[in-house]
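Quick note on labels: first sequence line is chain A, next is B, and so on, each numbered from 1. A quick note: this is a predicted structure, and the numbers were derived from the prediction, not measured.
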Number of protein chains: 2
Amino acid sequence: MEWEKGEAIWKQIGRFLLQDITGGTYKPGEKLPTENEIAKRFQVNRHTVRSAIAALTEDNVLRVEQGRGTFVQETVLDYPLGNRTRFSQIVSGRHRLPDKHLVESKIEFANKQVLKRLMLSGKTKVIRLESVSEADGIALAYSVSYLPAVRFKGIEKIFTKTKSLTEALKQYGLEDYTRKNTRITAHMPDRRTSEFLRQSKNKPVLITESVDIDTNGLAIQFGITHFASERVQLFVENKNINF
Amino acid sequence: MEWEKGEAIWKQIGRFLLQDITGGTYKPGEKLPTENEIAKRFQVNRHTVRSAIAALTEDNVLRVEQGRGTFVQETVLDYPLGNRTRFSQIVSGRHRLPDKHLVESKIEFANKQVLKRLMLSGKTKVIRLESVSEADGIALAYSVSYLPAVRFKGIEKIFTKTKSLTEALKQYGLEDYTRKNTRITAHMPDRRTSEFLRQSKNKPVLITESVDIDTNGLAIQFGITHFASERVQLFVENKNINF
DNA sequence: TAGAATTTGTTCGTATGTATG
DNA sequence: CCATACATACGAACAAATTCT
């Protein structure tokens, strides 16, 4: 291997690695060879390789996990939290192919939390929809939604066909709805969640709880969404309104 | 132990436990006796105790951790993400006593990420402030802030005295500033962070990255805040603006 | 780092009381 | 009076997570 003079070798190695990544030799999420192997390939000391990796880590191209290896950083999806956030629109807007499939649906009595969020009371039946959202076949989120059962009877069938809650709601005459507010927490995933997201048990999930309301202010959906923290970051754009 | 007829035993046990909690026998964050011990105390089967605990967990009074025990749920602080979010105001507004103390401050050259967020370029010096935010003496967040060094020279001294960034900035003639946007992610804490937050290594942290700008649109602060996910939940209130 | 002890989670089975038609 | 369903309560055994040594 010949090195250009006048530029640090680690910088040149960094460029080589970057080419391998952009060229597709190492794909997002994939493990790079060990530092020793890379050092052998370029005929340099391991420390030189580490400098290159450190620079690429700083630039968010690589991610190093002690004891495991070096990985190509997955491109994280910026998920805006607005009052008109629609999953499919966001993903398509990023030139990625959205998909959302139903995992399970059933009708049950609402518990206290669901009742409160849907602004209901008494013994009320709700439809519980579980779904997994993907972009380019990679799982991004696992959601549980609750809708009033009387108003949206049979919505799970339409949801399965259209793969979109927005579309399904249209069939019930709901042309428009907005998000009231969103609560954000972080937790370790339970087994079910980490399996759906195909994400390590040791990586946390970002959880949003939100309520959608129709134009009359009636609650139509209470949703709990578990985002794979590895692949999604939430984003709040603050409108510059001075009160 | 005598049980009232006409009401399930587990419901009565639930009330006893709730009294112990509201009465202060078990304080927020504290561990309850084991299920077996509680069962022995009330002379019932462990399952019966579990029913009572399950109900209190549903009501967000208790929190159960497999292998560790049952704990009194800490009251979580709703932390709104708005363009005028001020830590001290939020905490005082919840009738809790805010405190924010400086851990470390130094001047260094900005790295790429900081340069980009502060909308700067070239080799620029920034002030790096590390601080821990508390409410009633309980750590809620650990923050790292970067400010342009030229403009805010010596701000760490004023910050230490006033314990508030807002106040410190006023001394530099900045009467007002707003938050541009906020990025939210979740990660496992490094050792330093989990020590500052006095939170288990196995509990995630909620991380916000945000930029504050002055009334002229100039970036004045880039901050990375690590919230104890156990004790804080973020909150986005969606303004109901129909475009 | 390997294993024991502790603690909660899950799944059997059994039995009883109560409400419903 | 009977059949059925459901909630309650107990007991035992084992699985899974965590902590400590």
*Measure up the B:F222 and B:Y146 rings against each other and bin them: parallel (under 30°), tilted (30 to 60°), perpendicular (over 60°).*
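Parallel.
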_Can you tell me how the ring of A:F152 sits relative to the ring of A:Y172, calling it parallel under 30°, perpendicular over 60° and tilted otherwise?_
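Rings of A:F152 and A:Y172: perpendicular, over 60°.
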[X] versus [Y], closest heavy-atom pair with distance:
X	Y	result
B:Q199	B:P204	NE2-O, 3.2 Å
A:A52	A:G14	CB-N, 3.7 Å
A:V144	A:E130	CG2-CG, 3.9 Å

Taking atom [atom1] of [X] as the centre, report whether more than 12 heavy atoms of other residues, nucleotides or ligands fall under 6.0 Å from it.
X	atom1	result
A:K11	NZ	no
B:E4	CD	no
A:R50	CZ	no
A:K153	NZ	no

Over how many whole Å does the gap from [X] atom [atom1] to [N] atom [atom2] extend?
X	N	atom1	atom2	result
B:R63	C:dT7	CZ	P	17 Å
B:L62	C:dG9	CG	P	11 Å
A:F109	D:dC6	CZ	C1'	13 Å
A:M188	D:dA17	CE	C1'	13 Å

*If you round to the nearest 0.5 Å, how far is CG of B:L102 from OG1 of B:T160?*
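Output value for this atom pair is 4.5 Å.
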State whether [X] places a side-chain N or O below 4.0 Å from either non-bridging phosphate oxygen (OP1 or OP2) of [N].
X	N	answer
B:T70	C:dT7	no
B:T48	D:dC10	yes
B:R50	C:dG9	yes

*asked:* From the set D:dG11, D:dA13, D:dT8, return the single nucleotide nearest to any side-chain atom of B:N45.
replied: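 Closest nucleotide among those given: D:dG11.
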*Indicate, with a heavy-atom threshold strictly under 4.0 Å, whether B:S51 touches base, sugar-phosphate, or nothing.*
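B:S51: no heavy atom of the nucleic acid under 4.0 Å.
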Taking only nitrogen or oxygen atoms into account, show me every contact under 3.5 Å that the protein makes with nucleotides 18-21 of chain D, one pair per line with its distance.
from   : atom 1 : to    : atom 2 : distance (Å)
D:dT19 : OP1    : B:R68 : NH1    : 3.0

_nucleotides 11-19 of chain C: protein proximity per nucleotide (B base, S sugar-phosphate only, - neither; heavy atom, under 4.0 Å)_ = B--------
_Quick check on DNA chain D: between A:K201 and B:K11, whose nearest nucleotide comes earlier from the 5' end?_
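Result of the comparison: B:K11.
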_Contact list for DNA chain D against residues 29-38 of chain B - heavy-atom distance below 4.0 Å_ =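 Residues of residues 29-38 of chain B that come under 4.0 Å of DNA chain D do not exist, since none gets that close.
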*Does the ring center of A:F227 lie less than 6.0 Å from the ring center of A:Y79?*
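Yes: the rings meet the under 6.0 Å criterion.
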